[in-house]
Participant: 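Before I ask anything, here is the structure I am working with.
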Amino acid sequence: MRPPGFSNFFLLASSLLFAGLSAVPQSFSPSLRSWPGAACRLSRAESERRCRAPGQPPGAALCHGRGRCDCGVCICHVTEPGMFFGPLCECHEWVCETYDGSTCAGHGKCNCGKCKCDQGWYGDACQYPTNCDLTKKKSNQMCKNSQDVICSNAGTCHCGRCKCDNSDGSGLVYGKFCECDDRECIDDETEEICGGHGKCYCGNCYCKPGWHGDKCEFQCDITPWESKRRCTSPDGKICSNRGTCVCGECSCHDVDPTGDWGDIHGDTCECDERDCRAAYDRYSDDFCSGHGQCNCGRCDCKAGWHGKKCEHPQSCMLSAEESIRRCQGSSDLPCSGRGKCECGQCTCYPPGDHRVYGKTCECDDRRCEDLDGVVCGGHGTCSCGRCVCERGWFGKLCQHPRKCNMTEEQSKNLCESADGILCSGKGSCHCGKCICSTEEWYISGEFCDCDDRDCDKHDGLICTGNGICSCGNCECWDGWNGNACEIWLGSEYP
C-alpha cells in the first residue's frame with residue numbers, strides 16, 4: 001500500500017521532469033542511440049531537421065555548413081581550436097571586440113563572438129555613446145595620439161573615441177587612435193595580406209617560416225633551423241637580442257644617422273659601439289676617450305692607457321703582446337671575449353657579476369638560466385656555463401624528463417590553460433608541459449598563453465633594443481628602466 005500523498009508527489013515529479021526535458025535544446029539528445037555505435041532512433045528527415053537552423057527549409061545547409069549531422073546532433077568542424085562551436089555550429093569566434101582593453105568596452109555582453117550593447121551604446125565593441133555630453137574641444141583632445149594627431153588622420157572623432165575609416169567594410173584600420181593600418185600589409189601584386197605567407201599585426205607582416213620581406217614576398221632557400229643557426233650569436237642569443245633574423249641574416253636594430261653602419265652591427269649584431277663611449281652621443285665619433293680604438297664594442301687602448309673606456313693612464317711592465325697572450329689562455333679572444341685585459345689580468349664583464357668568471361673569463365653561467373632565471377630547470381647544477389643534469393633529466397637546460405610518470409590524461413590536465421584549452425591551442429603537450437608552436441615565434445609562456453608582440457615599443461623597436469620581451473612585458477637589462485626599457489638610469493652610458 002502506497003503512503004498517503006505518494007500519488008500526488010509522483011504526478012508533480014513527472015510534470016517537472018517533462019517540463020525540464022522540453023527545455024533542453026532539440027539538438028541535445030543523449031538517448032537517441034541505445035549505446036555507442038548503435039543505429040540512430042531518428043529518421044533521416046527528423047535528424048536533419050534538428051541540425052538545421054530554425055526556419056530553414058528542407059535541403060538547406062546542415063549545421064550552418066560548418067559541421068556534420070550525427071543523429072540530430074551537430075559535430076562541428078575544428079581545424080583550429082575554437083574555430084566553430086555552438087549547438088548548430090552557428091558561432092565562429094570565441095571572443096568579442098575589445099576597446100581600450102575591455103571586452104565590449106564594458107558596456108555590453110559578449111554573445112557568440114558579437115557584442116550586444118547596453119542601452120545608450122553602440123559600435124562593434126559598444127564603444128560609442130548614443131548621446132555625447134563632451135564639448136568638441138574635450139572630445140578632440142581625447143582622440144589625439146602621442147603625436148597630437150586626431151585619430152592618426154585615419155578616422156573621425158566621436159565623443160572622445162575614434163571611429164576608424166573603414167568605408168569598404170574591411171576593418172583593416174583599427175586601434176584606439178586608428179594607429180594600425182593593415183592595408184600596409186597588402187601585397188601590390190597578389191593583393192593578399194602579407195602575400196598569403198604571413199599574418200599582419202598593426203601594419204607589420206610577421207612571416208611564416210621560409211618567407212621574408214616587408215610583405216613576406218621573398219621565399220627563403222634555407223630551413224628555419226638553418227636560418228636560426230646562422231643568426232645565433234656567440235652567447236647563444238638570436239642576433240644578440242639586438243636585431244631580427246631574416247633568412248639567416250641579422251638585421252640590427254640601430255642605424256647610424258649618416259646611413260653608414262650603426263652603433264649596433266656585426267654578423268649577429270654582437271657589436272655595440274655604445275660601449276666604447278665615455279658619454280653616449282650617437283652623432284659623435286669620440287670613442288675610447290680618444291686613447292684607443294673601438295673594436296666590436298670594446299676599447300683597445302693605446303700604450304700607456306687602460307680602463308673600460310681607456311680613461312686611465314697606466315704603467316705596466318708587460319708588452320702589449322705578452323699581456324694579451326696571458327689573457328687569452330686557450331681562447332681565441334682575450335678574456336674569452338667576455339672581459340677586459342689589463343696588464344695580463346682579465347676583468348670580466350659585467351663587473352661584479354659572479355656568473356662570469358675564470359682566469360680568462362672562460363666560464364659564463366648565464367647560459368644555464370632560462371628566461372625566469374631558473375638554473376638548469378631546477379634539475380641540475382651549472383658548471384662553467386654547462387648544465388650537469390640530475391638522473392632522469394636531459395636537455396640543454398635539463399628541462400625534459402627521460403621518462404614520463406603520468407598518464408596521458410594527467411599530462412593533458414597539467415597542460416590545460418585557465419579556459420580549459422590544451423596549451424591555449426598554440427602548442428603540444430609533453431609530460432605535463434607545453435611545447436609552444438615553432439611557427440609562431442611570438443608565442444611563449446607556461447601554457448603558450450603569452451604573445452610577445454604585446455611588448456611596448458619605443459622608436460619602433462621592441463623594448464627599445466635594451467631588454468628582452470617576456471610574456472608581453474619588457475625585462476630590461478641592468479641600468480635601463482621604463483615600460484619599453486627606454487630610460488637609462490645608470491651613472492654612465494653602457
Participant: Heavy atoms only: give me the nearest Ala60-Gln56 pair and the separation to one decimal.
Facilitator: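 That closest heavy-atom pairing would be CB-OE1, 3.6 Å.
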
Participant: Once side chain to side chain contact (heavy atoms under 4.5 Å, CB included) is applied, do any residues pair with Tyr174, and if so which ones, sequence neighbours excluded?
Facilitator: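 Only Cys180, Asp182, Cys202 meet the side chain to side chain contact (heavy atoms under 4.5 Å, CB included) criterion with Tyr174.
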
Participant: Can you sort out the partners of Ser146 under side chain to side chain contact (heavy atoms under 4.5 Å, CB included), two or more places apart, ordered by chain and number?
Facilitator: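 Ser146 satisfies side chain to side chain contact (heavy atoms under 4.5 Å, CB included) with no residue once adjacent residues are dropped.
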
Participant: Just verifying a value: how many Å separate Cys376 SG and Arg386 CZ, rounded to the nearest 0.5 Å?
Facilitator: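 If I round to the nearest 0.5 Å, the distance is 12.0 Å.
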
Participant: Measure the shortest side-chain to side-chain distance between Ile186 and Glu192 over non-hydrogen atoms and say whether it is less than 4.5 angstrom.
Facilitator: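 No - every pair of side-chain heavy atoms lies 4.5 Å or more apart.
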
Participant: Mind checking salt bridge (charged side-chain N to carboxylate O under 4.0 Å, His left out) for Asp221 and listing every partner two or more places apart, or none if nothing turns up?
Facilitator: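 Counting only residues at least two positions away or on another chain, Asp221 forms no salt bridge (charged side-chain N to carboxylate O under 4.0 Å, His left out).
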
Participant: According to side chain to side chain contact (heavy atoms under 4.5 Å, CB included), who are the partners of Leu414, at least two apart in sequence or on a separate chain?
Facilitator: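 For Leu414, the residues satisfying side chain to side chain contact (heavy atoms under 4.5 Å, CB included) (neighbours in sequence not counted) are Met406.
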
Participant: Where do Lys426 and Cys448 come nearest, in terms of heavy atoms and distance?
Facilitator: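 For Lys426 and Cys448, the tightest heavy-atom pair comes out as CD-O, 3.8 Å.
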
Participant: Is there side-chain contact between Thr98 and Thr103, with heavy atoms separated by less than 4.5 Å?
Facilitator: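 Answer yes - side chains close enough.
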
Participant: Under the side chain to side chain contact (heavy atoms under 4.5 Å, CB included) test, which residues partner Thr156, sequence neighbours left out?
Facilitator: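 Thr156 satisfies side chain to side chain contact (heavy atoms under 4.5 Å, CB included) with Lys163 once adjacent residues are dropped.
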
Participant: CG of Asp365 to SG of Cys382: how many Å apart, nearest 0.5 Å?
Facilitator: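 If I round to the nearest 0.5 Å, the distance is 3.5 Å.
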
Participant: Once side-chain hydrogen bond (donor to acceptor under 3.5 Å, both in side chains) is applied, do any residues pair with Arg68, and if so which ones, sequence neighbours excluded?
Facilitator: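 For Arg68 there are no side-chain hydrogen bond (donor to acceptor under 3.5 Å, both in side chains) partners, ignoring immediate neighbours.
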
Participant: Can you list the residues that meet the salt bridge (charged side-chain N to carboxylate O under 4.0 Å, His left out) rule with Lys433, with sequence neighbours excluded?
Facilitator: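 Testing Lys433 for salt bridge (charged side-chain N to carboxylate O under 4.0 Å, His left out), a comparison that skips the adjacent residues, returns none.
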
Participant: Is there a side chain to side chain contact (heavy atoms under 4.5 Å, CB included) between His212 and Cys247? Walk through the geometry before answering.
Facilitator: CA-CA 7 Å; His212 63 99; Cys247 199; 3.7 Å; yes

Participant: How long is the straight-line distance from CG of Asp451 back to OH of Tyr201, given to the nearest 0.5 Å?
Facilitator: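 It comes to 6.5 Å.
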
Participant: For residues Met142 and Leu134, determine if any side-chain heavy atom of one lies less than 4.5 Å from a side-chain heavy atom of the other.
Facilitator: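 Side chain of Met142 against side chain of Leu134, heavy atoms only: contact under 4.5 Å found.
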
Participant: Would you please test Cys162 and Cys151 for disulfide bond (SG atoms under 2.5 Å apart) and show each step?
Facilitator: CA-CA 6 Å; Cys162 287; Cys151 299; 2.2 Å; yes

Participant: For the pair Cys200/Cys185, is the SG to SG distance below 2.5 Å?
Facilitator: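 Yes - the two cysteines, Cys185 and Cys200, have SG atoms within less than 2.5 Å of each other.
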
Participant: CD of Glu273 to SG of Cys288: how many Å apart, nearest 0.5 Å?
Facilitator: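 Reported to 0.5 Å precision, the distance equals 8.5 Å.
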
Participant: Is there a side chain to side chain contact (heavy atoms under 4.5 Å, CB included) between Leu422 and Phe447? Walk through the geometry before answering.
Facilitator: CA-CA 8 Å; Leu422 197 68; Phe447 300 105; over 6 Å; no

Participant: Holding to side-chain hydrogen bond (donor to acceptor under 3.5 Å, both in side chains), I want the full list of residues that pass it with Asp235, two or more places apart in sequence or in another chain.
Facilitator: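 Asp235: side-chain hydrogen bond (donor to acceptor under 3.5 Å, both in side chains) contacts with Ser233.
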
Participant: Between the side chain of Asp187 and the main-chain N/O of Glu191, is any donor-acceptor distance below 3.5 Å?
Facilitator: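 Between the backbone of Glu191 and the side chain of Asp187 there is no qualifying donor-acceptor contact (under 3.5 Å).
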
Participant: Is there a side-chain contact between Glu179 and Ser152 (heavy atoms, below 4.5 Å)?
Facilitator: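 Result yes, sub-4.5 Å side-chain heavy-atom pair found.
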
Participant: When the side chains of residues 115-126 are checked against the rest of the protein, which donor-acceptor pairs come out under 3.5 Å, sequence neighbours left out?
Facilitator:
residue: Tyr122; atom: OH; partner: His158; partner atom: NE2; Å: 3.3

Participant: Has Asn166 got a side-chain atom pairing as donor or acceptor with Val173's backbone, closer than 3.5 angstrom?
Facilitator: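 Side chain of Asn166 to backbone of Val173: a pair is present.
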
Participant: Test disulfide bond (SG atoms under 2.5 Å apart) on Cys368 and Cys387 and set out the steps.
Facilitator: CA-CA 6 Å; Cys368 295; Cys387 283; 3.9 Å; no

Participant: Inspect the contact between Arg230 and Glu226 and indicate whether a charged nitrogen and a carboxylate oxygen are less than 4.0 angstrom apart.
Facilitator: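 The answer is yes: the pair qualifies as a salt bridge.
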
Participant: Should the SG of Cys216 and the SG of Cys207 be checked, would they turn out to be under 2.5 Å apart?
Facilitator: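 Cystine link detected, SG atoms below the 2.5 Å cut.
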
Participant: Could you tell me whether a side-chain N or O of Thr232 sits under 3.5 Å from a main-chain N or O of Lys228, the two making a donor and an acceptor?
Facilitator: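 Yes, because the side chain of Thr232 sits within donor-acceptor range (under 3.5 Å) of the backbone of Lys228.
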
Participant: Assess the residue pair Cys89 and Cys63 against the criterion (disulfide bond (SG atoms under 2.5 Å apart)); give the C-alpha distance rounded to whole Å, side-chain angles, the decisive distance to 0.1 Å, and a yes or no.
Facilitator: CA-CA 5 Å; Cys89 306; Cys63 305; 4.8 Å; no

Participant: Mind running disulfide bond (SG atoms under 2.5 Å apart) on Cys252 and Cys239 for me, showing each step along the way?
Facilitator: CA-CA 7 Å; Cys252 303; Cys239 298; over 6 Å; no

Participant: For the residue pair Gln127 and Ala105, what are the closest heavy atoms and their distance?
Facilitator: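 Heavy atoms of Gln127 and Ala105 come nearest at CA-CB, 4.0 Å.
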
Participant: Quick one: does Asn241's side chain get under 4.5 Å of Cys269's, heavy atoms only?
Facilitator: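 Heavy-atom side-chain distance check fails, nothing below 4.5 Å.
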
Participant: Which heavy atom of Ser240 sits nearest a heavy atom of Glu270, and at what distance?
Facilitator: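 That closest heavy-atom pairing would be OG-CA, 3.3 Å.
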
Participant: Quick one, Lys215 with Cys194, criterion side chain to side chain contact (heavy atoms under 4.5 Å, CB included). Give me CA distance, side-chain angles, the key distance, then yes/no.
Facilitator: CA-CA 4 Å; Lys215 297 177 182 177; Cys194 300; 5.7 Å; no

Participant: Might you confirm whether atom CD of Glu249 has over 12 heavy atoms from other residues, nucleotides or ligands at distances under 6.0 Å?
Facilitator: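 For Glu249, atom CD is not crowded (no more than 12 foreign heavy atoms under 6.0 Å).
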
Participant: Should the heavy atoms of other residues, nucleotides or ligands under 6.0 Å from CG of Asp214 be counted, would the total exceed 12?
Facilitator: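 Counting other residues, nucleotides and ligands, CG of Asp214 stays at 12 neighbours or fewer.
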
Participant: What closest approach, in Å, do Asp267 and Cys250 show between heavy atoms, and which atom pair accounts for it?
Facilitator: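 Taking every non-hydrogen atom into account, O-CB, 3.4 Å.
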
Participant: Run the side chain to side chain contact (heavy atoms under 4.5 Å, CB included) test on Tyr99 and Arg161 for me, step by step, so that the C-alpha distance in whole Å, both residues' side-chain angles and the decisive distance to 0.1 Å come before the verdict.
Facilitator: CA-CA 10 Å; Tyr99 178 80; Arg161 295 164 174 82; 3.2 Å; yes

Participant: Does the distance from Cys51 SG to Cys69 SG come in under 2.5 Å?
Facilitator: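 The sulfur gammas are closer than 2.5 Å, so yes.
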
Participant: With sequence neighbours excluded, what pairs up with Asp181 under the salt bridge (charged side-chain N to carboxylate O under 4.0 Å, His left out) test?
Facilitator: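 Once residues adjacent in sequence are excluded, the partners of Asp181 under the salt bridge (charged side-chain N to carboxylate O under 4.0 Å, His left out) criterion are Arg183.
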
Participant: With sequence neighbours excluded, tell me which residues meet side-chain hydrogen bond (donor to acceptor under 3.5 Å, both in side chains) with Asp449.
Facilitator: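 If we apply the side-chain hydrogen bond (donor to acceptor under 3.5 Å, both in side chains) test to Asp449, skipping adjacent residues, there are no hits.
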
Participant: Less than 2.5 angstrom apart at the SG atoms, yes or no, for Cys415 and Cys429?
Facilitator: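 Answer is yes, sulfur atoms closer than 2.5 Å.
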
Participant: Does His197 form a side-chain hydrogen bond (donor to acceptor under 3.5 Å, both in side chains) with Gln219? I'd like the steps, not just the answer.
Facilitator: CA-CA 9 Å; His197 306 298; Gln219 190 169 14; over 6 Å; no

Participant: Do Leu172 and Ile193 have side-chain heavy atoms sitting under 4.5 Å apart?
Facilitator: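 Result yes, sub-4.5 Å side-chain heavy-atom pair found.
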
Participant: State, to 0.1 Å, how close Cys245 and Gly248 come at their nearest heavy-atom pair, and which atoms those are.
Facilitator: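 Scanning both residues completely, I find the closest heavy atoms to be SG-N, 4.0 Å.
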
Participant: Do other residues, nucleotides or ligands put more than 12 heavy atoms under 6.0 Å from Lys144 NZ?
Facilitator: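 Yes, the 6.0 Å shell around NZ holds more than 12 heavy atoms from other groups.
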
Participant: Can you find a pair of side-chain heavy atoms, one from Ile264 and one from Arg242, that are under 4.5 Å apart?
Facilitator: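 The answer is yes, as the side chains (C-beta and beyond) meet within the 4.5 Å cut-off.
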
Participant: Not counting sequence neighbours, which residues clear side-chain hydrogen bond (donor to acceptor under 3.5 Å, both in side chains) with Glu369? List them please.
Facilitator: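 side-chain hydrogen bond (donor to acceptor under 3.5 Å, both in side chains) list for Glu369, sorted by chain: Arg355.
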
